[in-house]
Amino acid sequence: MINFLNKVSLINSMKNTLLLRLSSFFLLFLLSSCQRSSTPLKMLVMPIGSVENTRSTYSSFVSHLEDSVNRKVDLITPSTYADVKDALVSESTFDVINLNGVLYSQYYDPKRYQIFAQETLGGQSTYNSMFIARRSSNIYQTSDIKGKLLALDNKYSTSGGLVPVLMLMNDNLYPNSDYKIQFLNSHFSAAQSVIRGDSDVAAVSWKTLRKLIRDKKVDPNSLRIVAVSFPIPLDPWILNKDLSTQLKTQITNSFFNLSNESVMRSLGSDGFVPATPQTYSSLKPEDSELYRAFIGE
């Protein structure tokens, strides 16, 4: 009889222990779910072609970030660089932002945000803009661009807008007085324009032109490289200053510890390295004022 009672007591004790463990598990699950469903992080990124392509590009990285900080991430994907600029200068606040060099140099507000990272590609943290002309043309150096028609990407493009205009300004060549400009909204269109003879010269990103050549969309034998820019730092990432120190640390660790090759392949990047305002010192404030006067802002 005593053995029977002991067995019953043991069974009840085991049941209670199991119930306690299950309760603890579900409590942790609910707490985790509540945290994931709390106020999401708002991440604003530069467009990569269409909105659909931008979302596809960032999909796996968003999942990586959500898992790292245990919080939902709302990806905001404007359709144009101008839309990113409008969002950045609006009263809306974003938690994580990807900018390009021109938007960073023109519209970054250090009172609201802090820079913390930049992308790397091929082991490099910089790239170049370059002027290209038809091989049969008489354009051999930047001074030969005087009186010519220059094809660019758009006014908010770093390598296809800001940098080439500044390069020509340094050579005392000013837009709309010493040469004319047409914005064609892509590096590919700018390169094609030169090849077709619709413009005399174009300024394009070397990393984009190299891909176009590799994909056989552009014949390099038809072109001449006229000039190459100074090294342009790859895209900066910034954080909302009002985030908690703990959350900032979680986000930065998520960026710097990224090692999933499929995620990096989707981003078209090697990953991220720390960045400070000094990283972008080649994009000078005085040059920014000149450029903003040119684009009418």
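The shortest side-chain heavy-atom distance between Ser157 and His187 falls under the 4.5 Å cut-off. By the 4.5 Å heavy-atom criterion applied to side chains, Pro233 and Ser282 are counted as neighbours. Looking only at side-chain heavy atoms (C-beta outward), Met43 and Leu65 come within less than 4.5 Å of each other. Looking at Phe94 and Leu41, their side chains never come closer than 4.5 Å, going by heavy atoms from C-beta outward.
Using a 4.5 Å cut-off between side-chain heavy atoms of Ile, Leu, Val, Met, Phe, Trp and Tyr, with links allowed through other members, Val96 and Val273 fall into different hydrophobic clusters. A chain of hydrophobic side-chain contacts below 4.5 Å, direct or via other Ile, Leu, Val, Met, Phe, Trp or Tyr residues, connects Leu247 to Phe256.
In summary, Lys72 and Asp74 engage in a salt bridge, as defined by a charged side-chain N under 4.0 Å from a carboxylate O.
The six-membered or imidazole ring of Tyr107 lies away from that of Tyr113, with a centre-to-centre distance of 6.0 Å or more. Ring to ring, Phe116 and Trp237 are not that close: their centroids are 6.0 angstrom or more apart. Checked against a 6.0 Å centroid threshold, the rings of Phe255 and Phe272 count as neighbours.
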Derivation and outcome, side chain to side chain contact (heavy atoms under 4.5 Å, CB included), residues Leu168 and Thr142
CA-CA 7 Å; Leu168 293 176; Thr142 53; 4.0 Å; yes
Please assess Leu103 against Tyr156 for the test side chain to side chain contact (heavy atoms under 4.5 Å, CB included), listing each intermediate value before the final yes or no.
CA-CA 7 Å; Leu103 292 182; Tyr156 298 115; 3.8 Å; yes
Between Asp153 and Leu184, does the side chain to side chain contact (heavy atoms under 4.5 Å, CB included) criterion hold? Intermediate values first, please.
CA-CA 5 Å; Asp153 177 358; Leu184 299 177; over 6 Å; no
From CA spacing to verdict: side chain to side chain donor-acceptor pair (under 3.5 Å), Ser143, Gln141:
CA-CA 6 Å; Ser143 59; Gln141 54 193 8; 3.1 Å; yes
What verdict does the side chain to side chain contact (heavy atoms under 4.5 Å, CB included) test give for Asp235 and Leu99, after you've listed the backbone C-alpha separation in whole Å, the side-chain angles of each residue and the deciding distance to 0.1 Å?
CA-CA 6 Å; Asp235 289 352; Leu99 296 176; over 6 Å; no
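Although no hydrogens or angles enter the test, the distance criterion places no donor-acceptor pair under 3.5 Å between the side chain of Asn154 and the main chain of Asn185. Looking only at distances, a side-chain donor or acceptor of Arg135 sits under 3.5 Å from a matching main-chain atom of Asn221. Without hydrogens or angle criteria, Gln118 side chain to Ala275 main chain gives no donor-acceptor distance under 3.5 Å. No donor-acceptor pair closer than 3.5 Å links the side chain of Thr120 to the backbone N or O of Gly123. Although no hydrogens or angles enter the test, the distance criterion places no donor-acceptor pair under 3.5 Å between the side chain of Ser59 and the main chain of Ser56. Here the side chain of Lys241 pairs a donor or acceptor atom with the backbone of Pro110 at under 3.5 angstrom. At least one donor-acceptor pair closer than 3.5 Å links the side chain of Thr54 to the backbone N or O of Ile48. A donor-acceptor pair under 3.5 Å is formed between the side chain of His64 and the backbone N or O of Ser254.
Residues Ser229 and Val163 come closest through the heavy atom pair CB-CG1, 3.6 Å. Ile145 approaches Val201 most closely through the heavy-atom pair CG2-CG1, 4.1 Å.
Using cut-offs of 30° and 60° on the angle between ring planes, the pair Tyr280 and Tyr104 is tilted.
A salt bridge (charged side-chain N to carboxylate O under 4.0 Å, His left out) check over residues 186-197, counting only residues at least two apart or in different chains, returns the pairs Arg196-Asp198. Sorted by first and then second residue, the side chain to side chain donor-acceptor pair (under 3.5 Å) pairs with a member in residues 121-133 form an empty list; sequence neighbours excluded. Here salt bridge (charged side-chain N to carboxylate O under 4.0 Å, His left out) pairs that include residues 106-125, with residues two or more places apart or in two chains, number zero. Annotation: salt bridge (charged side-chain N to carboxylate O under 4.0 Å, His left out) contacts involving residues 214-232, sequence neighbours excluded, comprise Lys211-Asp215. A ring-ring contact (aromatic ring centres under 6.0 Å, His included) check over residues 163-183, counting only residues at least two apart or in different chains, returns nothing.
Counting side-chain heavy-atom gaps under 4.5 Å among Ile, Leu, Val, Met, Phe, Trp and Tyr, the cluster of Val204 also holds Met130, Ile132, Phe188, Val194, Ile195, Trp206, Leu209, Leu212, Ile213, Val218, Leu223, Ile225, Val228.
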